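Just follow the structure's listing: the first ligand is 1, and inside any ligand the first atom is 1. What you see is a predicted model; the values in this text were computed from it and never measured.
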Amino acid sequence: MSKIIDGKAVSASVKEAIRTELEELKATKGLTAGLAVIIVGDDPASKVYVRNKKLACEACGFESFEYALSAETTQEELLDLINKLNNDDRVDGILCQLPLPKHLDEKVVINNISPAKDVDAFHPENVGQIMIGDYKFLPCTPAGVMELIASTGVEIAGKECVVVGRSNIVGKPMAMLLLHKSGTVTICHSKTKDLAEVCRRADILVAAVGVPNLIKGDMIKEGAVVIDVGMNRLDNGKLCGDVEFETASEKASYITPVPGGVGPMTIAMLMKNTLTAAKSKLKD
Ligand code: GUN
């Protein structure tokens, strides 16, 4: 039977450390720190994410600025707002919640966020910095996964690491972070010939494809660390991951639940990036 990695507990301790550091910097250096979150339209899942980000800001001591824009917002209006926030000294981090309505160009929007305030680490400049291992911000979900792996005490160096999924937001940067820690990394995707066979090689398996219960127990090596980034809403309204928890937990040494695994870590890492962005003002 595996040990369950408690993402809520790890997230709470990361946020508490941020709160303490920020409080100290406010008192000693007069540091201010703020996060602007933009949401366009009324996607219910996005609304929940944005509300949780705001609550985390309050818990850590950041000022939060929320911009809830109508689904009809034009590209020009959105870019004007981003430009205004890029030049607002109270705002250290800017996050534009994705996905955006179809008529808006996500790539252009991301490219217009100042790299210094890009707490999602989605801007090509920050993506490039991650590639060469010289980064200020790490993308929140992969960074959260790394914290969860670290919490198990399992060493990454020399291990077989398999990432299922190749998105720009999770799969690709995830593979890069595992590589930076000297894992032997394989990325699987929809064209992978024998997914089960590749997964069974993994000492550390990260599933981030968005297919409910794709990874079953018989695809997992005995004693593997299994991290489930999946967040799938089933027809019955329940949340479920990309890993079939019941069978996988028979094989894994450590496993994350859904919900309560990776999800809370993404927000904790966003708070960490916001503090990093704010602290960069101290160096000027
Ligand atoms: N939508 C789902 N996850 C994320 C995220 O991490 N950042 C942004 N900006 N949008 C998202």
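The pair Asp42-Lys47 does not count as a salt bridge, with every side-chain nitrogen at least 4.0 angstrom from each carboxylate oxygen. Ionic pairing of Glu23 and Lys26 is not present here: no N-O contact between side-chain nitrogen and carboxylate oxygen is shorter than 4.0 angstrom. Glu63 and Arg90 are not joined by a salt bridge, as no carboxylate oxygen comes within less than 4.0 angstrom of a charged side-chain nitrogen.
Donor-acceptor pairing under 3.5 Å is lacking for the side chains of Asn83 and Asn112. Thr152 and Lys3 are not linked by any side-chain donor-acceptor pair at a separation below 3.5 angstrom, with hydrogens and angles left out of the test.
Protein residues having at least one heavy atom under 4.0 Å from any atom of ligand 1 are Leu95, Cys96, Gln97, Leu98, Asp120, Phe122, listed by chain and number.
For the salt bridge (charged side-chain N to carboxylate O under 4.0 Å, His left out) test, residues two or more places apart in sequence or in another chain that qualify with Lys216 are Glu244.
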